[in-house]
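Beneath this line is the structure, given in structure tokens, with notes to follow.
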Amino acid sequence: MQTRAISLMALSQNPAEGARFYQQHFGFLPTAELPWFVSLQHPEHPQFNLDLIQKDHEAAGPFLQGKRTAAVMLALVVDDVEAEAARLQQAGLTFLMPPTAEPWGQKRLQVLGPDDVVVEVLQMTAPDQEWLKQQI
């Protein structure tokens with residue numbers, strides 16, 4: 001299989017409202033906008049699409065139609081989690097997890113996005129060597 005792009009699709013109560021959240025707080029830009037569907041791309045990653053589809057629309061397909069998005073996390077890797085935490089806190093976003101240093105080599109935070117999508121913002125760090133030894 002040869003793919004040209006990858007999309008993450010989230011079922012949405014209100015795709016336009018969700019799109020505004022990702023545009024305002026994370027820099028995504030719309031590439032397609034319909035009343036029931038919005039496709040977003042980040043300018044630094046044009047091969048990745050974040051698609052928001054009206055949860056009751058037939059385009060969701062028979063299995064997903066009418067359901068809600070659950071247990072989805074969108075992870076965004078950044079250079080400075082602390083700076084992003086300050087920016088997102090100032091914007092009034094709901095933090096699910098404050099900036100946390102993880103022994104496996106990440107510093108991360110989580111905020112709640114539209115339709116219960118968890119947005120994780122993470123920075124790669126050096127893993128704890130003792131923790132790594134215990135994992136083998």
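Just so it is clear, the values below take in all heavy atoms, side chains as well, and ignore hydrogens, waters and symmetry mates.
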- [ ] I would like to know whether Val118 and Gln110 meet side chain to side chain contact (heavy atoms under 4.5 Å, CB included); could you show each step before the answer?
- [x] CA-CA 6 Å; Val118 174; Gln110 293 178 347; 3.8 Å; yes
TODO: Can you sort out the partners of Phe21 under ring pair (Phe, Tyr, Trp, His ring centres under 6.0 Å), two or more places apart, ordered by chain and number?
DONE: His25, Phe26
TODO: Treat each ILVMFWY residue as a node, draw an edge where side-chain heavy atoms are under 4.5 Å apart, and state whether Val121 and Leu74 are in one component.
DONE: yes
Task: Minimum-distance pair of heavy atoms, taken over all atoms of Gln13 and Asp115 - done: N-OD1, 2.9 Å
- [ ] Looking only at non-hydrogen atoms, find the nearest pair between Gln65 and Asp56 and report the distance.
- [x] NE2-O, 2.9 Å
TODO: Give the minimum heavy-atom separation between Leu52 and Gly18, together with the two atoms involved.
DONE: CD1-C, 3.5 Å
- [ ] Say whether Val119 and Leu8 are linked into one hydrophobic cluster, either directly or through other cluster members, by side-chain heavy-atom distances under 4.5 angstrom.
- [x] yes
Open item on the list: For residues Leu64 and Leu50: do they belong to one hydrophobic cluster (side chain heavy atoms under 4.5 Å, members Ile, Leu, Val, Met, Phe, Trp, Tyr)?
Closed with: no
- [ ] Would you indicate whether the side-chain heavy atoms of Val77 and Met124 approach each other to under 4.5 Å?
- [x] yes
Open item on the list: I need the minimum non-hydrogen distance between Trp131 and Gln135, along with the two atoms involved.
Closed with: O-CG, 3.1 Å
TODO: Determine yes or no for a side-chain-to-main-chain donor-acceptor pair under 3.5 angstrom, with Ser12 supplying the side chain and Asn14 the backbone.
DONE: yes
Open item on the list: So for atom CD, which belongs to Glu33, do other residues, nucleotides or ligands contribute more than 12 heavy atoms lying within a distance under 6.0 Å?
Closed with: yes
Open item on the list: Test side chain to side chain contact (heavy atoms under 4.5 Å, CB included) on Gln123 and Gln106; report intermediate values, then the result.
Closed with: CA-CA 6 Å; Gln123 173 183 342; Gln106 292 179 344; over 6 Å; no
- [ ] Output the distance between atom CG (Asp128) and atom CH2 (Trp104), rounded to the nearest 0.5 Å.
- [x] 11.5 Å
Task: Connected via hydrophobic side-chain network under 4.5 Å: Val111 and Val117 - done: yes
Donor-acceptor pairs under 3.5 angstrom involving side-chain atoms of residues 94-102: please list them, not counting sequence neighbours.
from   : atom 1 : to     : atom 2 : distance (Å)
Thr100 : OG1    : Pro98  : O      : 2.7
Glu102 : OE2    : Arg108 : NE     : 2.9
Glu102 : OE2    : Arg108 : NH2    : 3.1

Open item on the list: Looking at every non-hydrogen atom in both residues, tell me the closest pair between Pro43 and Pro46 and how far apart they are.
Closed with: O-CD, 4.0 Å
TODO: Specify the closest pair of heavy atoms between Lys107 and Val81, including all atoms of both residues, with the distance to one decimal.
DONE: O-CG2, 3.1 Å
Open item on the list: My understanding is that only residues two or more places apart in sequence, or in another chain, count here; which of them pass side-chain contact (heavy atoms from CB on, under 4.5 Å) with Ala59?
Closed with: Trp36, Ile53, His57
